[in-house]
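These notes concern the structure reproduced below.
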Amino acid sequence: IVLYAGSATPTAHFFKTAFGFSEIAYAGLETGRKTTSSHVLKQDGIVLVVSGALQPSPVSMHIAKHGDSVKDIALRVPDAKKAFETAVANGAIGITGPHKMFDKHGVVRRAVIGTYGDTVHTLIERSGYRGHFLPGFVSVRPQRGQGVGLRVVDHVVGNVELGQMDRWASYYARVMGFTNLVHFSDSQVSTEYSALMSKVMQDGSGAVKFPLNEPAPGKRKSQIQEYLDFHGGPGVQHIAFQTSSIARSVSLLKERGVSFLRIPDAYYEEAKERFADTPEVDVERLGRLGVLIDRDEDGYLLQIFTKPIVDRPTLFFEIIERRGSKGFGLGNFKALFEALEREQGKRGNL
Ligand code: FE2
């Protein structure tokens, strides 16, 4: 996942010190790049690339329009040329056709297709490459022992305009062969004031999940509309990182100054009743950490949401621990959205 940041160096530092990522590779002036610099950060199976502009360029224009934001959700494919041609034949927005990059470690083939807003998907074939990251990057010796237990990207959520959710859901169905895992209507996802609709698209393996949200009319402004207003159109709303111990991950993140949404105590009174028959879930402890709990027919899940991590009220992160459940915490939506709306109210945008 590639993030564009106004200044990539301090943003990369934040992901290292607060979120426990290690820098594994770098590209910039020292490696012969003239217009952008990129820090490649890794934690277990998660790779984040933070890129900034060294001079006026498409990257700086993207940042001027959207603020610090996600540009690229890259997907590994077995054959980049075939993936691109098939996608475009099925209606994908072609951005950059198949091309090769190589260095002494081998060859990487890639192509780029568009999705909602100015977001893109790089299709990347790296079976012929043995280097650390990509050609053009130099390896950085990673510092050890600072991780917070984040393992893989669980899902990446996009916010799109009113009436556009179905269009983008069918785009993923047509172009990538994804299927609709679950659909939340505005009657399921609403508070007293505002509403949204959501559809989760996923690939055949279930490893790649892209929920899509659109605002729904309510008494006041939907949180999705606030995002669209400040981001300047559709874009990535949040990235969920999976952990195998949310209590440990969240304790460490809090120690390092990451701010999470506050959930009222009443939520935990009710959660204690819902989980009375599940003694391994320590609701008291989760309450102290502010972690949300939901269950479905397959098991349960634990999740928590950061406040926006950029200046604009746009991009945030979720930490999720799955104990059987493959869902998205529908039972938590109301508590979560009320918490989001309290923050939105503080910003004067509700
Ligand atoms: Fe999520």
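Counting begins at 1 with the first residue of the sequence. These figures come from a predicted structure and were not determined experimentally. Atoms within a ligand are numbered from 1 in the order they appear, just like the ligands themselves.
Remark: the Arg167 side chain and the Ser170 side chain contain no N/O donor-acceptor pair separated by less than 3.5 Å. Judged by distance alone, the side chains of Thr243 and Ser249 do bring a donor and an acceptor atom under 3.5 Å apart. No hydrogens or angles considered: a donor-acceptor pair under 3.5 Å links the side chains of Asp103 and Tyr129.
Salt-bridge annotation for Arg342 and Glu338: absent, with no side-chain N of the basic residue lying under 4.0 Å from a carboxylate O of the acidic one. Taking 4.0 Å as the cut-off between side-chain N and carboxylate O, Glu280 and Arg323 do not count as a salt-bridged pair.
Shown here are the side-chain contact (heavy atoms from CB on, under 4.5 Å) partners of Gln202, two or more places apart in sequence or in another chain: Thr179, Leu181, Lys209.
Any protein N/O/S atom under 2.8 Å from the Fe ion (ligand 1) was counted, giving 3 altogether.
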